[in-house]
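Keep in mind it's a predicted model, so treat the numbers as computed, not measured. By convention here, the first residue in the shown sequence is residue 1.
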Amino acid sequence: MGDDGRGTEDFAHDAARFFLLSGCSGGGKSTLLAALQEQGHLAFEEPGRQVVKAQMLIDGPGLPWRDQALFAELCVFCAVEQMETAAGSTGPVFFDRGIVDAVAFFDYLGREVPAHLERAAQLLRYNATVFLTPPWRAIYAGDNERRHSYEEAVAQYHASLKTFARFGYRPVELPRASVGERVDFVLACLETAAAV
């Protein structure tokens with residue numbers, strides 16, 4: 001897999017502590033992630049935002065409004081790099097979107113998922129519990145990196161639910177509540193899972 005010789009079997013040991021934050025775009029994932037980081041948890045920024053920033057910097061082709069397939073490929077590459085970085089850590093790790101989200105993007109577009117991306121989503125796993133931010137119009141805001149409408153964000157959210165189910169993940173919808181309440185909700189879910 002990487003230069004350190006890690007294979008998919010090594011990542012399987014980490015899956016239980018790799019938690020995915022996904023859901024509706026503009027639903028508060030980044031804010032929640034920052035709050036979890038403030039509490040000392042390792043967390044990784046959304047691959048899509050990293051790709052957009054880098055591609056805009058170099059005026060590259062891998063932007064979602066230029067080449068959707070290339071954008072998804074770059075997001076998967078970024079997500080794999082994040083998982084490799086997190087593999088050397090201990091304790092729970094939080095990811096703002098991941099490999100499955102890139103596959104869900106193809107599903108949303110109604111395009112065939114490239115075999116190697118499907119394989120990546122099957123082999124490189126996160127914890128079965130996936131935390132989802134639901135559509136929340138009151139806090140939705142577009143920006144230079146988020147150019148789609150609220151309606152498009154909601155449509156992508158519903159399409160992603162089917163993709164998560166297809167890969168055997170259990171979506172847990174976060175409450176439409178304050179950041180502090182959401183942090184408490186996520187950590188309580190982790191404690192419950194650890195006690196089982």
Side-chain angles (χ1 to χ4, degrees), residues 8-49 75-76 78-108 113 117-136 139 153-154 156-196:
T8 54
E9 65 280 356
D10 296 308
F11 284 97
H13 296 297
D14 293 314
R17 60 188 189 83
F18 285 1
F19 290 91
L20 204 54
L21 302 180
S22 188
C24 191
S25 179
K29 291 187 308 301
S30 299
T31 304
L32 173 58
L33 196 80
L36 288 164
Q37 280 181 303
E38 286 177 12
Q39 293 207 4
H41 296 286
L42 182 60
F44 290 88
E45 181 186 6
E46 180 182 343
R49 281 194 174 269
C75 287
V76 169
C78 184
V80 172
E81 289 286 303
Q82 290 178 345
M83 292 176 89
E84 288 182 328
T85 300
S89 66
T90 58
V93 182
F94 297 94
F95 298 86
D96 186 345
R97 296 203 188 280
I99 296 170
V100 189
D101 291 278
V103 173
F105 188 56
F106 277 94
D107 289 341
Y108 163 71
V113 180
L117 298 190
E118 184 85 11
R119 188 163 52 252
Q122 290 285 3
L123 294 175
L124 304 174
R125 307 284 296 181
Y126 302 87
N127 189 287
T129 298
V130 176
F131 296 102
L132 300 180
T133 55
W136 194 358
I139 66 169
V154 172
Q156 287 184 29
Y157 172 76
H158 290 297
S160 71
L161 293 177
K162 296 176 184 176
T163 307
F164 281 115
R166 179 159 65 87
F167 285 100
Y169 286 100
R170 295 187 305 267
V172 173
E173 194 169 86
L174 294 166
R176 290 179 181 85
S178 70
V179 180
E181 289 172 299
R182 281 184 160 184
V183 168
D184 291 343
F185 179 87
V186 168
L187 297 180
C189 286
L190 266 58
E191 287 178 14
T192 300
V196 174

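- For E181, there are no salt bridge (Lys or Arg N to Asp or Glu O under 4.0 Å) partners, not counting sequence neighbours.
- Minimum heavy-atom separation, P47 to D96: CD-O, 3.2 Å.
- For the pair R182 (side chain) and T133 (backbone), a donor-acceptor distance under 3.5 Å is absent.
- R176 has its side chain within reach of P135: a pair of non-hydrogen atoms, C-beta onward, lies under 4.5 Å apart.
- Looking at heavy atoms from C-beta onward, T163 lies out of side-chain contact with Y108 at the 4.5 angstrom threshold.
- Here the side chains of L20 and F164 are in contact, with some heavy-atom distance below 4.5 Å.
- Between Y157 and C24, the shortest heavy-atom contact is CD1-N, 3.3 Å.
- Atom CG of L190 is separated from atom CZ of F19 by 4.0 Å, given to the nearest 0.5 angstrom.
- Considering every non-hydrogen atom in both A35 and V179, the closest pair reads CB-CG1, 3.5 Å.
- In this structure D101 satisfies the side-chain hydrogen bond (donor to acceptor under 3.5 Å, both in side chains) test together with S22, R97, sequence neighbours excluded.
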Q. When you look at F167 and V103, which way does the side chain to side chain contact (heavy atoms under 4.5 Å, CB included) test go after all the steps?
A. CA-CA 10 Å; F167 285 100; V103 173; 3.8 Å; yes
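- Counting heavy atoms from C-beta outward, L187 and L36 have side chains that approach closer than 4.5 Å.
- The two residues N127 and A16 make their nearest non-hydrogen contact at ND2-O, 2.6 Å.
- Shortest non-hydrogen contact noted between G48 and C75 is CA-SG, 3.5 Å.
- Distance check, rounded to the nearest 0.5 Å: NZ of K29 to CZ of F94 gives 15.0 Å.
- Side-chain atoms of Q82 come within 3.5 Å of backbone atoms of E45 as a donor-acceptor pair (strictly under, hydrogens ignored).
- Using a 4.0 Å cut-off between a side-chain N of Lys or Arg and a carboxylate O of Asp or Glu, D107 and R166 qualify as a salt bridge.
- Expressed to the nearest 0.5 Å, how far CG of L33 lies from CD of E38 amounts to 10.5 Å.
- Partner L132 forms a side chain to side chain contact (heavy atoms under 4.5 Å, CB included) with one of L161, L21, L174 and no other, that one being L161.
- Counting only heavy atoms from C-beta outward, the side chains of S89 and R17 approach each other to under 4.5 Å.
- Within the 4.5 Å cutoff, side-chain heavy atoms of C189 are placed close to those of F131.
- The ring-ring contact (aromatic ring centres under 6.0 Å, His included) search around F95 returns F18, F44, Y126, not counting sequence neighbours.
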